[in-house]
Structures are given as C-alpha cells and as structure tokens.
Number of protein chains: 2
Amino acid sequence: MVSTPVPDPKMLDCPALVTIQLVSGKWKTRVLWHLRQGGAGFGDLRRAMPGISAKVLTEHLDALVADGLLARTESLEGKVLHTRYRFSDYGFTLIPVLDALGSWGLNHAERAAGHRFP
Amino acid sequence: MVSTPVPDPKMLDCPALVTIQLVSGKWKTRVLWHLRQGGAGFGDLRRAMPGISAKVLTEHLDALVADGLLARTESLEGKVLHTRYRFSDYGFTLIPVLDALGSWGLNHAERAAGHRFP
DNA sequence: CAGAATCCTTATGGATACTG
DNA sequence: CAGTATCCATAAGGATTCTG
C-alpha cells in the first residue's frame with residue numbers, strides 16, 4: 001500500500017473515497033485500530049498482528065506517516081533502536097470515523113452471524 | 001471485488017475492518033456514494049462513473065446486493081429490461097458512516113491542497 | 001530491534017466481444 | 001438495456017534472507 005499525499009482533485013466528487021484510500025487495505029485498518037489504544041513499537045505491532053511480514057508492516061506504517069496520520073519517534077536505548085508509532089494530532093481527528101466504522105462493523109458481524117457474539 | 005457474506009469471526013478484533021471490506025475498493029465506494037442521492041439504473045451508474053467496465057460494475061453491484069446493502073428490482077418496460085439499484089433498508093444504516101467518511105475526506109483533501117477548494 | 005532487499009503469488013481491476 | 005464470457009495488466013500482499 002502506498003500513500004496518497006495529495007488526493008486527486010477528481011476524487012472530490014466522492015470525498016468518502018479519499019478517506020477510504022487512507023485507511024483501507026487488509027492491514028492498514030488493523031494498524032490504526034490497534035494504535036487507537038495507544039502508541040506501540042514496531043515489534044508490538046508485529047506481535048499484535050500475526051501473519052504480517054516486516055516488509056508489509058513497514059510499507060503501511062510509512063504510508064500512514066507520510067499521510068500525516070501517524071507520528072513516529074526513534075530512541076536509542078543502550079545499543080537497541082526503539083521506534084514508536086502513535087496517532088499524530090491530526091490523526092486523532094480520524095478516530096471518531098474509525099469508531100463509526102467499528103461500531104457499524106460489529107453490529108453487522110453480529111447480524112450476519114445471527115447474534116452469536118455476546 | 002467479491003462479497004463477504006459472513007465476516008470471519010477473527011475479524012472481530014478489528015470490527016472496523018468488517019465495514020471497510022464491504023465498502024472499499026476503487027469503485028464500490030463510488031457506487032455507494034452515488035446511490036446516496038437515490039436509486040439508479042445500471043446505465044445511470046455507468047455514465048456516472050466514466051472508466052468503469054460493465055464487468056466490474058456488475059461484480060461490485062452483485063457483491064453489494066449479496067451483502068445486503070443494496071436492493072435490486074427489475075422491470076420490463078416494453079421489450080427493454082430495466083434494473084434499478086438502491087439502498088436496502090439495512091443499507092440505509094450505513095449512510096451515516098459514509099457521511100462521516102465523506103466529511104473527513106473532504107476536509108482532508110482541502111487541507112492537503114492548502115484549502116484551494118472553496 | 002527495526003527495518004531493507006529480493007523474489008514470488010494472487011487479488012483486483014480493465015479491454016473487448018458477445019447475448020438474453 | 002443489462003448484463004456474460006474471456007483474456008490480460010497491475011498492484012497489493014507474502015516469504016525469505018540480510019543489515020545498521
């Protein structure tokens with residue numbers, strides 16, 4: 001997944017697509033969802049998302065940072081490099097939208113499964 | 001794009017993804033956005049989205065119907081077949097979510113372009 | 001630890017021609 | 001009009017190995 005720094009003006013006839021491009025993809029949504037609960041390191045994110053490869057995680061994190069949604073800080077602890085990703089101030093404005101997606105999706109999953117999830 | 005009739009239970013650790021899967025894709029979002037303004041026929045949608053092929057439009061409409069978001073009705077007017085797509089009652093519940101995506105996206109596009117869009 | 005580099009598989013979307 | 005049927009192009013994602 002690559003970033004969309006400046007959305008194509010043609011996309012303005014469907015502004016919802018602008019947002020979709022930024023947050024969609026198999027892993028991007030999960031990264032954002034996870035970071036809603038607070039910042040996390042690269043390894044935290046990998047462990048939180050079994051199956052993702054370092055390459056793909058890097059690509060998505062880079063895109064999210066390039067789009068201004070995430071902030072990244074490096075720190076050298078001893079000899080080990082630690083990176084931390086969290087929502088930027090601007091990225092925070094997206095959280096209500098993610099919440100809306102989440103609560104609709106939860107309801108939909110319950111409905112589709114016949115309310116088998118308590 | 002194919003439909004996701006029953007979301008994978010594993011996806012419940014990121015319910016936002018459930019919604020994303022249903023509405024994302026280059027054309028699915030546009031179809032939904034267009035239909036917010038009312039029902040439309042197959043040809044209306046094609047004309048409204050220059051560049052889409054009949055095959056792709058069909059696939060996406062089928063998926064949206066299979067997912068319960070859209071309703072479809074056929075009518076025979078004379079010898080010509082008319083099909084009409086519109087939001088189902090259930091699909092209507094998604095509109096506030098689409099609106100949230102749209103208004104955030106509009107704001108983002110303006111911001112990214114330096115507020116060049118009045 | 002946090003990636004970069006490389007190569008590979010598959011999903012998504014597209015072009016064209018044809019049909020009920 | 002509203003699609004189907006084929007075949008094709010590209011991009012998203014994945015596996016593996018290596019490095020600062």
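Given the structure is predicted, the values throughout are model-derived calculations rather than measurements.
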Residues 9-16 of chain A side chain polar contacts: donor-acceptor under 3.5 Å, at least two apart:
none

Compile the donor-acceptor pairs under 3.5 Å between side chains in residues 69-83 of chain B and protein atoms, sequence neighbours left out, one pair per line.
unit_1	atom_1	unit_2	atom_2	d
B/Arg72	NH2	B/Glu74	OE2	3.4
B/Thr73	OG1	B/Arg86	NH2	3.0

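In the helix from C/dC1-D/dG20 to C/dG20-D/dC1, the rotation axis of the first five pairs and that of the last five pairs differ in direction by 60°, rounded to 10 degrees.
For B/His82, counting side-chain heavy atoms from C-beta on, the closest listed nucleotide (D/dC1, D/dG14, C/dC1) is D/dC1. Of the candidates D/dC1, D/dG14, C/dG14, D/dG14 carries the atom nearest the A/Val56 side chain, counting heavy atoms from C-beta on.
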*Decide side-chain contact (heavy atoms from CB on, under 4.5 Å) for A/Leu22 and A/Leu64; before the verdict, give the C-alpha distance in whole Å, the side-chain angles of both, and the deciding distance to 0.1 Å.*
CA-CA 8 Å; A/Leu22 293 183; A/Leu64 290 165; 6.0 Å; no
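We find that NZ of B/Lys26 is positioned 11 Å from C1' of D/dA11, with the value rounded to whole Å. Taking atom CH2 of B/Trp27 as the reference point, atom C1' of C/dG14 lies 10 Å away to the nearest angstrom. Between the NZ atom of B/Lys79 and the P atom of C/dG20 there is a distance of 15 Å, rounded to whole Å. Put simply, CD on A/Gln21 is 15 Å from P on C/dT12, counting in whole angstrom units. As rounded to whole Å, 13 Å separates atom C1' of D/dG13 from atom CZ of A/Arg30. Straight-line distance from the CD1 atom of A/Ile52 to the C1' atom of C/dA2: 14 Å, rounded to whole Å. Rounded to a whole Å, the CE atom of B/Met49 is 13 Å from the P atom of D/dA2. In this entry the distance linking CG of A/Leu57 with C1' of D/dA15 reads 15 Å, nearest Å.
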Might you list the N or O atoms of the protein lying below 3.5 Å from N or O atoms in nucleotides 3-5 of chain D, with each pair's distance?
unit_1	atom_1	unit_2	atom_2	d
D/dG3	OP1	B/Arg72	NH2	2.6
D/dG3	OP2	B/Thr83	OG1	3.3
D/dG3	OP2	B/Tyr85	OH	2.7

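B/Trp104 has its ring centre less than 6.0 Å from the ring centre of A/Tyr90.
Evaluation of the side chain to side chain contact (heavy atoms under 4.5 Å, CB included) rule for A/Ser103 yields no partner, not counting sequence neighbours. Taking B/Trp27 as the reference, nothing meets the side chain to side chain donor-acceptor pair (under 3.5 Å) condition, with sequence neighbours excluded. Under the rule for a salt bridge (Lys or Arg N to Asp or Glu O under 4.0 Å), the partners of B/Asp44 that lie at least two apart in sequence or sit in another chain are B/Arg47. Scanning for salt bridge (Lys or Arg N to Asp or Glu O under 4.0 Å) contacts around A/Asp8 gives an empty result, with sequence neighbours left out. In this structure, A/Arg46 has no side chain to side chain donor-acceptor pair (under 3.5 Å) partners at least two apart in sequence or on a different chain.
Heavy-atom distances to DNA chain D give each of A/Gly51 and B/Gly41 a nearest nucleotide, and the one nearer the 5′ end belongs to B/Gly41.
An OP1 or OP2 oxygen of D/dG13 is reached within less than 4.0 angstrom by a side-chain nitrogen or oxygen of A/His60.
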